[in-house]
2 protein chains.
Amino acid sequence: MKPTIKDVARKANVSVATVSRVLNNQPGYSVETEKKVLEAIDELGYHPNALARGLVGKRTKTLGVLIPRISNMVSSQIMNGIEDAAHKNDHSVIICNTDNDGQKTMVYLDVLREKRVDGIIVVSEMLTEEYANKLVELKVPVILISTIDETGQFPHIKVNDEQAAYQATEYLISKGHKNIAMISGTPEDMVAGKPRLDGYKKALRENGLPVKEENIVFGDFWFDSGKECMERLLNNNQGITAIFVASDEMAAGALSTAYKSGIRVPEDISIIGFDNTQLAEMTIPPLTTVSQPFYQMGYKGLKLLLKAIKGKEVNSAILPHVIVERETVKKV
Amino acid sequence: MKPTIKDVARKANVSVATVSRVLNNQPGYSVETEKKVLEAIDELGYHPNALARGLVGKRTKTLGVLIPRISNMVSSQIMNGIEDAAHKNDHSVIICNTDNDGQKTMVYLDVLREKRVDGIIVVSEMLTEEYANKLVELKVPVILISTIDETGQFPHIKVNDEQAAYQATEYLISKGHKNIAMISGTPEDMVAGKPRLDGYKKALRENGLPVKEENIVFGDFWFDSGKECMERLLNNNQGITAIFVASDEMAAGALSTAYKSGIRVPEDISIIGFDNTQLAEMTIPPLTTVSQPFYQMGYKGLKLLLKAIKGKEVNSAILPHVIVERETVKKV
DNA sequence: ATGAAAGCGCTAACAG
DNA sequence: CTGTTAGCGCTTTCAT
């Protein structure tokens with residue numbers, strides 16, 4: 001069997017309390033004792049049982065992450081940041097792939113409760129009321145990444161989507177474009193949908209450009225819908241010279257359609273994306289896009305969670321975005 | 001405080017033993033009792049403590065996954081399959097991003113030991129001897145996905161890389177290509193490197209085609225190296241008409257370079273990739289490639305792990321690959 | 001069918 | 001500086 005703290009105590013000729021003390025380096029033992037204990041630990045190949053620790057203490061050093069779908073460039077980058085920060089701070093994370101399925105999410109929340117995680121990070125999930133209530137019930141700190149809740153009970157960490165969209169559009173305007181279309185995501189999405197659309201419209205308006213509804217098409221953020229949206233835009237072409245696309249994946253789709261239609265980017269039409277996932281450097285030509293600091297969002301989100309677990313107050317944070325210029329936008 | 005089994009027992013006027021029985025639906029209680037208990041549980045909002053359970057029982061229903069880097073299309077898809085299978089079978093997974101760093105890996109193994117996971121899945125990691133030894137030390141079942149260990153102590157699950165490469169090359173040959181180059185990964189990689197290179201050579205040989213060393217260039221599987229490799233190939237062009245590329249990312253890089261160089265794919269040169277990640281449908285033109293069933297690999301790997309945990313014997317499994325024809329290969 | 005009681009491995013008073 | 005002891009919440013004999 002695996003050696004326990006008792007075995008160590010016996011071997012080192014001390015009490016379990018003493019072993020526990022050196023294990024948690026709390027004061028109360030001589031150097032000699034420490035040496036004896038350490039030796040015993042080493043010889044026995046002893047490893048503390050985290051379950052027992054968690055049972056008596058209050059911390060498990062385990063965190064839960066609820067994420068819609070890990071096989072997704074955005075999610076996985078955020079996850080990467082979360083994981084790195086967790087590991088550096090001596091915590092583990094249980095990953096919960098919710099598939100945006102409310103049912104599954106609720107089940108997961110119970111699991112996390114039973115496993116007594118110290119805190120929870122919610123990534124990109126729309127927070128329904130039921131969801132939020134249950135989260136509160138769990139009575140552990142919660143941090144939201146790249147999402148928000150209307151009630152404002154949980155701190156979130158994201159970029160300023162509206163402002164980013166505004167700047168992306170202004171960037172196009174600064175390049176001389178006047179007839180700028182947008183491939184938007186679902187406007188019901190209060191993070192990546194509506195705000196980006198609003199930012200786009202605002203930029204046009206404030207620059208004295210007309211907002212034409214026929215220049216705005218809606219996709220679902222993914223590649224295929226990007227292709228489709230581009231087709232629609234091309235069909236009722238109103239002489240647009242540039243497009244602001246609400247995600248890199250849709251932008252890649254738009255690029256594909258443009259290519260198939262014999263439209264050259266950026267010669268005939270300029271495109272700016274949103275996200276700056278790995279995909280952005282792989283498209284032909286490489287995609288100019290608004291970069292979101294996904295890794296940092298995850299990393300910082302986890303740090304905040306840890307802070308909250310320690311009982312400190314934490315506030316929401318807006319991280320800076322930046323436009324990465326590549327080759328899909330040209331001056332007109 | 002959170003209600004415990006004692007609270008439930010008290011409220012239902014039974015002993016904790018009885019509550020435990022209905023909780024684990026073991027025999028030994030009347031329908032009435034069950035009802036009382038269930039009601040108490042409901043009213044109290046009781047949730048069992050998994051730590052306590054794990055401490056006394058031997059199972060934690062928690063698994064560990066060691067993966068080089070989750071923000072990677074291949075890894076994340078495998079992870080997706082793992083997670084799905086785990087959740088469906090009432091288990092959680094702790095994700096361990098090793099960054100291919102031996103040090104980090106060793107630390108993680110200790111964490112998994114301390115948290116008493118029931119089993120471990122290793123994804124895409126080169127298994128050093130030290131690594132393997134520690135894995136054995138943990139004394140929990142281990143399954144390897146998309147990797148192998150020379151000692152053959154652990155069951156693995158992957159595709160037949162050599163055969164897949166062989167078929168990819170033969171596919172090109174069947175399309176009339178005779179001068180076929182290869183962009184290989186690192187030949188030290190015993191899964192995605194050497195076997196694929198061997199398969200390529202074998203196909204050429206068995207079809208009476210010469211294996212020319214100048215037609216083989218080596219990258220590191222990633223996009224940038226794909227671009228570079230393509231440049232090298234184009235520079236000392238020996239009239240090649242097709243290329244077998246050992247990963248989709250490198251293939252995408254090759255496509256970029258081709259485009260920049262004014263080489264049309266597939267008109268001037270045909271390309272077949274390997275992996276069939278999401279990227280393959282997003283390239284211009286869409287990439288013909290060898291599809292690996294990543295999701296299934298993860299899903300099945302986890303099922304095997306569960307089987308092993310139950311004490312049953314499990315064997316390695318080779319999953320089928322298939323060539324997905326898209327638009328980067330043409331008949332010559 | 002049900003209860004009492006002995007731990008699982010550890011931490012944290014409380015005594016010396 | 002060190003040991004004793006009482007749990008943490010649960011499962012599991014062993015009785016009844």
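Lettering of chains follows the sequences in order, A, B, ..., and the numbering in each one begins at 1.
Each of B/S15 and B/R116 lies near DNA chain C, and the nucleotide nearest B/S15 is the one positioned closer to the 5' end. Residue order along DNA chain D, read from the 5' end via each residue's closest nucleotide, puts B/A50 first among B/R21 and B/A50. Nearest-nucleotide positions on DNA chain D place A/G28 closer to the 5' end than the other of B/Q26 and A/G28.
In this structure, the side chains of A/K158 and A/T147 stay at 4.5 Å or more apart for every pair of heavy atoms. Using a 4.5 Å heavy-atom threshold, the side chains of A/F294 and A/N80 count as separate. Between B/Y299 and B/D84 the shortest side-chain heavy-atom distance falls below 4.5 Å.
A/N49 places its CG atom 18 Å from the P atom of C/dG7, with the value rounded to the nearest Å. One interatomic measurement links the two molecules: NZ of A/K36 to C1' of D/dC1, which rounds to 11 Å at whole-angstrom precision. Remark: P of D/dG9 and CG of B/L44 are 13 Å apart, rounded to the nearest angstrom. To the nearest angstrom, P of C/dT11 lies 10 Å from CD of B/E114. Between the P atom of C/dG7 and the CG atom of B/L55 lies a distance of 14 Å, rounded to the nearest Å. Atom C1' of nucleotide D/dG7 and atom CD1 of A/I5 are separated by 15 Å, given to the nearest angstrom. Rounded to an integer number of Å, the gap from NZ of A/K35 to C1' of D/dC1 is 18 Å. Atom CZ in B/R10 sits about 13 Å away from atom C1' in D/dG9, given to the nearest Å.
Look at A/T18 and you'll find a side-chain N or O under 4.0 angstrom from OP1 or OP2 of D/dG3. For C/dG9, the OP1/OP2 oxygens have no side-chain nitrogen or oxygen of A/R53 closer than 4.0 Å. An OP1 or OP2 oxygen of C/dT2 is reached within less than 4.0 angstrom by a side-chain nitrogen or oxygen of B/S30. Neither OP1 nor OP2 of C/dA12 sits under 4.0 Å from any side-chain N or O of A/S20. Residue B/T33 places at least one side-chain N or O under 4.0 Å from the OP1 or OP2 atom of C/dT2. Proximity of B/N24 to the phosphate of D/dT11: a side-chain N or O atom is located under 4.0 Å from OP1 or OP2.
Judged by distance alone, the side chain of A/S146 and the main-chain N or O of A/S124 form no donor-acceptor pair under 3.5 Å.
Contacts of A/V14 with the nucleic acid, taken as non-hydrogen atoms under 4.0 Å apart, involve only primed sugar atoms and P, OP1 or OP2.
When the shell of 6.0 Å around NZ of B/K300 is examined, it contains 12 or fewer heavy atoms from other residues, nucleotides or ligands.
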